[in-house]
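One structure is given below, encoded as structure tokens.
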Amino acid sequence: MSTRFMPNQWVRIADRNAPGHVRTPVYVRGKEGRIERVLPRFLNPEREAYGVNEGGEVRLYRVRIEQSALWPDYDGPADDVLELEIYEHWLEQVDDRSGAEGR
């Protein structure tokens, strides 16, 4: 089965207001990171929460984000990261990383 994103590829987590049951924390929306690994497909939990089970599955990815990108005043080690699992419909392709550091 094909995947939209591959390990080490840069992605941006969509920055959208999504009321209701979502699995994407507000503090990571709009941030960029790398795909750490590709995970299986699962029923969409955002639809499942409302009893909508159409059999539609979405790919899950583990995304690695630098702590300094999340918290501008972060004073821990430069190589500290947060890894979290994000569903594909929340991820956007990043075409150009030049000048993107610190977003």
Side-chain angles (χ1 to χ4, degrees):
M1 204 173 271
S2 67
T3 62
R4 183 172 167 203
F5 303 106
M6 300 301 294
N8 294 315
Q9 182 177 354
W10 283 96
V11 293
R12 180 178 303 107
I13 299 169
D15 187 9
R16 60 177 174 254
N17 183 15
H21 180 80
V22 295
R23 297 289 182 112
T24 302
V26 172
Y27 66 91
V28 299
R29 296 179 194 176
K31 304 300 183 185
E32 293 181 5
R34 285 185 194 255
I35 299 295
E36 191 274 328
R37 76 179 70 167
V38 178
L39 299 165
R41 296 174 63 89
F42 296 92
L43 289 175
N44 185 342
E46 295 172 6
R47 302 203 32 107
E48 286 287 302
Y50 297 101
V52 179
N53 182 346
E54 300 168 347
E57 294 183 340
V58 290
R59 174 79 58 200
L60 188 62
Y61 296 86
R62 182 164 300 157
V63 179
R64 179 177 289 170
I65 304 172
E66 296 170 3
Q67 290 282 8
S68 59
L70 292 171
W71 318 111
D73 296 330
Y74 186 74
D75 63 357
D79 59 351
D80 278 358
V81 297
L82 171 71
E83 290 184 355
L84 68 164
E85 295 173 354
I86 302 289
Y87 283 94
E88 187 171 81
H89 59 276
W90 276 93
L91 297 176
E92 302 169 344
Q93 184 173 332
V94 173
D95 294 322
D96 181 13
R97 281 290 297 164
S98 62
E101 298 302 320
R103 282 190 191 172

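All values below come from the heavy atoms of this structure, side chains included, with hydrogens, waters and symmetry mates left out. As the structure is a prediction and not an experimental result, all values here were calculated from the model. When a residue number appears, it is its place in the shown sequence, counting from 1.
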Task: ILVMFWY network linking L91 to V38, side-chain heavy atoms under 4.5 angstrom - done: yes
Open item on the list: Would you say V81 ends up clustered with L84 if hydrophobic residues are merged whenever their side chains have heavy atoms under 4.5 Å apart, either directly or through other cluster members?
Closed with: no
Task: Within-4.5 Å side-chain heavy-atom neighbours: L82 and V63 - done: no
- [ ] Determine whether P45 and R23 make a side-chain contact, defined as any pair of heavy atoms from C-beta on separated by less than 4.5 Å.
- [x] yes
Look up atom [atom1] in [X] and atom [atom2] in [Y], then write down how far apart they are to the nearest 0.5 Å.
X	Y	atom1	atom2	answer
R16	E92	CZ	CD	7.0 Å
R59	I86	CZ	CD1	15.5 Å
L43	E57	CG	CD	5.5 Å

Task: Pairwise salt bridge (charged side-chain N to carboxylate O under 4.0 Å, His left out) hits with a residue in residues 76-91, at least two apart - done: R62-E85, R64-E83
Task: With R29 via side chain to side chain donor-acceptor pair (under 3.5 Å) - residues at least two apart - done: none
Task: Under the side chain to side chain donor-acceptor pair (under 3.5 Å) test, residues paired with D95 that sit two or more places apart - done: Q93
Open item on the list: Taking the cut-offs as 6.0 angstrom to the six-membered ring centre and 45 degrees off its axis, would you call R12 and W90 a cation-pi pair?
Closed with: no
Open item on the list: My understanding is that a hydrophobic cluster links ILVMFWY residues whose side chain heavy atoms are under 4.5 Å apart, including indirect links. Using that, what else belongs to the cluster containing V26?
Closed with: none
Open item on the list: Side-chain heavy atoms under 4.5 Å apart, restricted to Ile/Leu/Val/Met/Phe/Trp/Tyr: what other residues fall into the cluster of Y87, or is it alone?
Closed with: L39, F42, V58, L60
- [ ] Determine, step by step, whether V11 and R34 satisfy the side-chain contact (heavy atoms from CB on, under 4.5 Å) criterion, reporting the C-alpha distance in whole Å, the side-chain angles of both residues, the deciding distance to 0.1 Å, and the verdict.
- [x] CA-CA 6 Å; V11 293; R34 285 185 194 255; over 6 Å; no
Task: Residue pairs passing the ring pair (Phe, Tyr, Trp, His ring centres under 6.0 Å) test where at least one lies in residues 58-78, sequence neighbours excluded - done: F5-Y61, Y27-W71
Task: Trace of the side-chain contact (heavy atoms from CB on, under 4.5 Å) decision for I35 with N8 - done: CA-CA 5 Å; I35 299 295; N8 294 315; over 6 Å; no
